[in-house]
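Data block below; observations after.
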Amino acid sequence: MQLVWFRNDLRLADNPALHAACASGEAVKALVCLTPAQWAEHHESPARQALWQRRLEWLEARLQAADIELIRLNLQRFADCPAAITRLVQEQGASALHFNYEYPLNERHRDRAVCEALDAEGVTALGYHGDLIVAPGQVLTGQGTPFKVFTPFSKAWLKRLLQDDHAPLPSPIKAEAASCAETLQPSESASEAGEQVGFSGTVSCVGARAARDAAYPVSDEALHACLQAFVREQEPDYQRLRDFPSRHATSGLSPALTIGALSARQCLAVLKAAHEDDRWQQSTWLNELVWREFYRHLLVAFPELSRLTPFRPETEARITWQDNERLFEAWKQGETGFPIVDAAMKQLLATGWMHNRLRMIVASFLTKLLRVDWRKGEAFFMSQLIDGDFASNLGGWQWSASTGADAAPYFRIFNPQLQSERFDPNGEFLAEWLPELRQLEPKARHKPGAGQRYGRPAPIIDYKQARQAALDDYNGEA
DNA sequence: AGTGTATTCGC
DNA sequence: CGAATACAC
């Protein structure tokens with residue numbers, strides 16, 4: 001008997017670990033380790049945990065139909081895994097354990113300890129790079145070193161991609177009868193989406209509204225319909241429309257990617273299939289998937305990143321973080337008095353999801369204007385996001401704080417009002433999340449007047465002063 | 001994946 | 001005098 005250990009790879013197709021176990025010809029059982037104390041330490045959000053559980057139930061039903069039992073080990077922390085899995089392997093008489101790698105350091109330590117424990121029992125434990133399109137270590141500079149800058153990485157990544165066939169692995173489990181297929185809600189589902197790359201996984205089907213209703217679909221039928229619909233109908237306009245939060249022009253597949261209900265490789269396959277020529281290679285949406293790959297490759301090449309150390313410590317040494325709990329609290333609650341920041345935070349609090357353009361705006365606001373340590377923002381995002389993904393979130397926050405690989409220069413400070421006017425020109429997004437502002441003319445919503453506040457708080461900082469203070473601090477003039 | 005300010009251009 | 005451009009931060 002062989003075991004497949006499912007983690008954030010809750011899928012049947014394009015799953016190398018499941019594929020290998022089934023290919024052995026032996027009986028197969030599936031395993032999950034429930035480690036709520038560890039998830040809490042990782043600030044994993046309730047929304048993400050609920051999505052993972054729902055998808056697990058879907059997966060369990062499919063596995064059962066193929067006579068694959070799902071075994072749940074109720075543990076607390078990753079450190080409990082080696083002993084519990086060893087005991088299980090002995091009880092079940094398993095000959096091998098298969099799993100797909102996860103790249104944060106705690107996960108890698110967990111997996112190494114499990115491998116060593118099983119090795120001592122004479123049981124084979126095998127890992128696979130099922131989470132990535134191109135495996136870590138496969139994209140290197142001419143000197144054989146890892147890339148630290150995105151643009152050359154992406155060129156080398158594409159070149160490496162084209163050297164191999166990256167067709168997704170088929171599901172080793174026969175398709176089920178359509179009876180348990182989720183039905184897609186008409187019209188809304190495919191268009192409400194968003195994807196995240198800077199800060200999170202990348203893709204979901206239903207955006208904001210659905211998250212609030214716990215209505216992100218978890219069946220393959222629904223997820224693949226969403227992916228197909230996005231690539232066919234929205235991806236062509238993705239570059240033009242993605243930065244406007246009110247347009248719902250992103251894929252919204254990030255929660256599914258983050259828990260591995262969909263793989264990046266499956267996304268790529270659908271994108272390629274939609275093109276008869278090579279133009280898919282220029283897709284801006286593909287570029288977002290490459291960001292996801294980049295941040296995972298970095299995490300493998302520079303394991304210390306997992307300890308929340310700045311990628312470039314010399315940059316962070318020049319920053320004095322302010323430990324102002326009042327300002328941090330205002331940011332968390334969406335009560336800063338800056339409409340675009342507050343609307344974005346309200347969207348996050350209400351739905352567990354935030355448009356990526358807005359993630360950049362609120363992260364710049366927190367790190368540059370409030371000068372709150374980026375690690376506080378990183379942890380808060382993880383605690384709220386339904387698509388919380390350690391590598392992407394970490395990469396996004398370090399990019400925003402200008403401490404990361406290929407980060408924004410420190411002086412790149414977003415002006416919240418200009419960003420609002422540029423990316424929500426008609427004030428529609430503001431009106432959706434700050435209903436008090438609906439009484440204002442669209443153009444006036446970006447900056448409520450000095451006297452009348454229309455039910456919104458006064459700005460907690462003076463933008464010009466805060467911007468100058470950040471620059472002065474960084475330049476050593478403080 | 002930016003902003004602020006000075007300078008120049010064009011009417 | 002607004003738009004385009006240049007450049008510093």
Side-chain angles (χ1 to χ4, degrees), chain A residues 147-155 157 194-202 238-245 247 249-251 254 282-295 298 310-312 314-320 338 340-341 344 354-371 374 377-378 381 389 391-425 446-447 459 461-478:
Chain A
F147 284 98
K148 298 175 180 177
V149 178
F150 176 74
T151 305
F153 172 88
S154 66
K155 291 201 172 88
W157 181 90
E195 104 215 20
Q196 262 4 284
V197 166
F199 289 83
S200 209
T202 301
Y238 179 78
Q239 179 164 32
R240 189 169 61 88
L241 300 178
R242 64 178 179 140
D243 268 324
F244 299 94
R247 299 300 295 262
T250 57
S251 76
S254 54
Q282 269 67 253
S283 164
T284 302
W285 185 60
L286 174 63
N287 202 52
E288 300 301 311
L289 290 172
V290 181
W291 274 102
R292 181 181 186 277
E293 302 264 315
F294 178 56
Y295 284 137
L298 277 180
F311 191 82
R312 292 184 302 155
E314 72 283 4
T315 50
E316 191 162 1
R318 297 174 64 179
I319 305 168
T320 37
F338 289 80
I340 192 66
V341 173
M354 191 196 290
H355 187 280
N356 196 51
R357 163 61 51 184
L358 303 174
R359 297 189 198 202
M360 296 193 287
I361 294 172
V362 303
S364 174
F365 189 85
L366 186 73
T367 58
K368 301 282 175 73
L369 298 178
L370 302 186
R371 286 201 278 158
W374 62 268
E378 187 270 344
F381 262 31
D389 179 283
S392 298
N393 192 46
L394 190 67
W397 276 96
Q398 288 220 40
W399 182 87
S400 291
S402 301
T403 64
D406 198 18
Y410 188 79
F411 50 75
R412 192 175 287 173
I413 298 170
F414 286 55
N415 178 325
Q417 189 186 331
L418 283 185
Q419 290 283 314
S420 186
E421 287 165 350
R422 191 175 307 161
F423 297 113
D424 189 30
H446 308 290
K447 190 182 196 298
I461 50 150
D462 178 82
Y463 169 72
K464 276 191 143 180
Q465 278 179 18
R467 176 179 184 277
Q468 200 52 52
L471 292 171
D472 289 348
D473 176 53
Y474 190 75
N475 293 318
E477 292 160 35

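Side chains included, hydrogens not; waters and symmetry mates left out as well; all remaining heavy atoms used. Sequence lines set the chain letters: A, B, ... in the order given, protein chains first and strands last, and positions in each chain run from 1. Predicted model only: the values in this text are computed from it and were never measured.
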Can you check whether A:Arg318 has a side-chain N or O nearer than 4.0 Å to OP1 or OP2 of C:dC9? no
Is A:Asn415 close enough to B:dG2 that one of its side-chain N or O atoms is under 4.0 Å from OP1 or OP2 there? no
Check: A:Phe338 ring centroid to A:Phe365 ring centroid under 6.0 Å: yes
Which whole-number value in Å describes the distance from A:Gln419 CD to B:dG2 P? 6 Å
Separation of B:dT5 P from A:Arg467 CZ (nearest whole Å): 7 Å
Given A:Phe153, A:Phe147, A:Trp157, the one that forms ring pair (Phe, Tyr, Trp, His ring centres under 6.0 Å) with A:Phe294: A:Phe153
With a cut-off of less than 4.0 Å, is there a side-chain N or O of A:Arg357 near OP1 or OP2 of B:dG2? yes
Phosphate oxygens OP1/OP2 of C:dC9: is one of them under 4.0 Å from a side-chain N or O of A:Gln468? no
Tell me, do A:Gln417 and A:Tyr463 make a side-chain contact under 4.5 Å, heavy atoms counted? no
Quick one: A:Glu421 CD to B:dG4 C1', roughly how many Å, whole number? 15 Å
Give the rounded distance in Å between these two atoms: CG of A:Leu358 and P of B:dG2. 14 Å
Rounded to the Å, how far apart are A:Phe411 CZ and C:dA8 P? 11 Å
Stepwise salt bridge (charged side-chain N to carboxylate O under 4.0 Å, His left out) check, A:Lys447 with A:Glu421: CA-CA 10 Å; A:Lys447 190 182 196 298; A:Glu421 287 165 350; over 6 Å; no
Once you round it to whole Å, what is the distance between C1' of B:dT3 and CG of A:Leu471? 9 Å
Considering only B:dG2, B:dT5, B:dT3, which nucleotide approaches the side chain of A:Arg412 most closely? B:dG2
So what does A:Tyr463 touch, heavy atoms closer than 4.0 Å: a base, only the sugar-phosphate, or nothing? sugar-phosphate
Protein-nucleic acid N or O pairs under 3.5 Å, nucleotides 2-4 of chain C:
none

B:dT5 P sits how many Å from A:Leu418 CG, rounded? 11 Å
Nearest 0.5 Å please: distance from the CH2 atom of A:Trp399 over to the OG atom of A:Ser364. 8.0 Å
Which whole-number value in Å describes the distance from A:Gln417 CD to B:dT3 P? 11 Å
Let me see the working for A:Arg371 and A:Asp473 under salt bridge (charged side-chain N to carboxylate O under 4.0 Å, His left out), right down to the final yes or no. CA-CA 10 Å; A:Arg371 286 201 278 158; A:Asp473 176 53; 3.1 Å; yes
Parallel under 30°, tilted from 30 to 60°, perpendicular over 60°: which one fits the rings of A:Tyr474 and A:Tyr410? parallel
